[in-house]
Amino acid sequence: MSKQAETTNRTTAVHQSRPPSDARARMTRHHMIIFALIGLFVVIAPQFLYPVFVMKLLCFALFAMAFNLMLGFGGLLSFGHAAFFGGAAYAAGHAAKVWGWPPELAIAFAVLVAAVMGAAFGFLAIKSRGIYFAMITLAFAQMVYFYALQAPITGGEDGMQSIPRNALFGLVDMSEDGPFYWMVVAIFIIGILFMYRVIHSPFGEVLKGIRENEPRMISLGYQVQRYKLLTFVISAALSGLAGGTKALVFHLASLVDVHWTMSGEVVLMTLIGGMGTIFGPIVGATVIVTMQNYLANLGSLVLIIQGAVFIVCVLTFREGIVGVIAKWFKTRL
């Protein structure tokens, strides 16, 4: 086949694979409506719900979105994301409590720490695949957990308590939940918009290609290992953003944040909401955090209920809540 004919076939295939302009517009409208609903929720939520609960929900939604970037779009199952979430929580707490940094710098420092950890762990972990990759990430997370347990600066079993919320930019008092709520909302909006842009960028398309057919992407000349490492770092940094913010919300960074069960919870949130969807992790985090909050008086029965919900999701709609809705509307959510 001549070079000109091959080029023509590729061009034809690309045009055939693109959805019609009205379909693209329809998907955009769906996304705009969802973003509008999210914006409406965060505006009116403090009028009906406890602000700390909503802030916790937003932090875990951001955490689940960060994890979904690796699992849902990169095909990388990690059992160690609690290391970035909890490690960033301790980093933000130390910066705010010991160094007296304002919240914007404390959270930025937490993101930097999580990104560095992600680069170090990812450089070693991405050389493995499948269950070996998952076990390596779990091993790294356990290292962070035992460091948090033994290190004197972390507070050990008591955790790092009484983390202050210093003045934002040295001007705005953040000690009360009301002003800090809007900072958390701003962080969440920035996070979800950044995630949306990454997923719909050429980088995101390459990432999906690696997930679907890694050998083919290698044959096309893509540096797959570099894409995986960058995905790992981005996911770790966003997890750190969620963890650092959460530490300031509760004035606390504890061993729960770095425990392996935290990694399990974020997997559960992603699968229930819809793996590989944009808004699924938000729904999954809402379900899990709401159950933990309003069923707390049941004690350990909450774990049984969560397990039952997960089993129902697996048996009835494996695509997750948002995945099923997207299938009904024949669009991407």
Side-chain angles (χ1 to χ4, degrees), residues 60 62-89 114-149 195 198-199 204 206-215 217-218 224-240 242-243 255-277 280-281 284-285 288 303 306-307 309-311 313-314 318-320 323:
F60 276 96
L62 185 59
F63 184 30
M65 285 190 293
F67 178 79
N68 185 52
L69 179 65
M70 277 191 59
L71 178 60
F73 294 95
L76 300 172
L77 175 59
S78 169
F79 285 154
H81 256 51
F84 312 122
F85 182 82
V116 172
M117 291 173 58
F121 294 173
F123 179 78
L124 299 174
I126 61 173
K127 297 179 181 179
S128 303
R129 296 182 180 181
I131 191 63
Y132 301 102
F133 174 84
M135 290 296 102
I136 289 175
T137 56
L138 176 61
F140 284 135
Q142 289 299 98
M143 290 170 54
V144 175
Y145 171 79
F146 284 111
Y147 175 81
L149 179 62
M195 187 70 65
V198 168
I199 293 172
V206 173
L207 197 60
K208 297 171 190 174
I210 295 174
R211 176 194 63 190
E212 297 297 332
N213 195 333
E214 182 176 337
M217 298 303 290
I218 294 175
V224 171
Q225 296 298 328
R226 293 183 181 179
Y227 278 93
K228 286 184 177 181
L229 179 58
L230 183 55
T231 303
F232 202 106
V233 173
I234 294 174
S235 180
L238 288 173
S239 299
L255 291 176
V256 175
D257 298 329
V258 291
H259 198 260
W260 65 266
T261 54
M262 182 63 70
S263 298
E265 281 188 15
V266 75
V267 174
L268 191 62
M269 293 174 186
T270 303
L271 295 179
I272 289 178
M275 182 180 67
T277 63
I288 298 300
L303 298 177
Q306 289 180 357
V309 171
F310 178 70
I311 292 174
C313 290
V314 171
R318 297 184 178 180
E319 300 88 353

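- Smallest separation of non-hydrogen atoms from Ile136 and Ser128: CD1-OG, 3.2 Å.
- Across every non-hydrogen atom of Ala141 and Ala83, the tightest pair is CA-CB, 3.8 Å.
- Annotation: side chain of Gln306 is not in contact with side chain of Val309 (no heavy-atom distance under 4.5 Å).
- Side-chain contact between Leu149 and Val258 is absent, with no heavy atoms from C-beta onward closer than 4.5 Å.
- Counting only distance, with no hydrogens or angles, the side chain of Thr270 and the backbone of Pro281 share no donor-acceptor pair below 3.5 Å.
- Between Lys228 atom NZ and Ile210 atom CD1 the span is 7.0 Å, to the nearest 0.5 Å.
- Atom CZ of Phe73 is separated from atom CD of Glu212 by 11.0 Å, given to the nearest 0.5 angstrom.
- Across all their heavy atoms, Ala115 and Val233 have their closest contact at O-CG1, 4.0 Å.
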Q: Tell me, with the steps shown, if Ile199 and Lys208 meet side chain to side chain contact (heavy atoms under 4.5 Å, CB included).
A: CA-CA 9 Å; Ile199 293 172; Lys208 297 171 190 174; 4.0 Å; yes
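- Residues Phe121 and Phe232 have side chains in contact (heavy-atom distance under 4.5 Å, counting atoms from C-beta outward).
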Q.
Met65 vs Leu238, test: side chain to side chain contact (heavy atoms under 4.5 Å, CB included). Steps then yes/no.
A. CA-CA 8 Å; Met65 285 190 293; Leu238 288 173; over 6 Å; no
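- Taken from CZ in Arg129 to CD in Glu214, the straight-line distance is 4.0 Å, to the nearest 0.5 Å.
- Heavy-atom minimum distance, Met117 versus Phe84: C-CE2, 3.8 Å.
- Annotation: the span from Phe79 atom CZ to Phe140 atom CZ amounts to 16.0 Å, rounded to 0.5 Å.
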Q) When you look at Phe63 and Glu265, which way does the side chain to side chain contact (heavy atoms under 4.5 Å, CB included) test go after all the steps? A) CA-CA 10 Å; Phe63 184 30; Glu265 281 188 15; over 6 Å; no
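- By the 4.5 Å heavy-atom criterion applied to side chains, Val206 and Met217 are counted as neighbours.
- A pairwise comparison of heavy atoms in Ala236 and Ala114 identifies O-CB, 3.3 Å as the closest pair.
- Taking CE of Met70 as the start and OG of Ser78 as the end, the distance is 5.0 Å to the nearest 0.5 Å.
- Between Phe60 and Phe85, a ring centre-to-centre spacing shorter than 6.0 Å is recorded.
- Separation of atoms NE2 (His259) and OH (Tyr145) is listed at 4.5 Å; rounding is to 0.5 Å.
- A heavy-atom distance below 4.5 Å is not found between the side chains of Phe67 and Ser239.
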Q. Between Ile126 and Thr231, does a side chain to side chain contact (heavy atoms under 4.5 Å, CB included) hold up when you go through it step by step?
A. CA-CA 10 Å; Ile126 61 173; Thr231 303; over 6 Å; no
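- Remark: side-chain polar atoms of Asn68 are paired, donor with acceptor, to backbone N or O of Gly276 under 3.5 angstrom.
- The shortest non-hydrogen separation linking Met275 to Gly72 is CG-CA, 3.5 Å.
- A donor-acceptor pair under 3.5 Å links the side-chain atoms of Thr137 to the main chain of Ala134, judged by distance alone.
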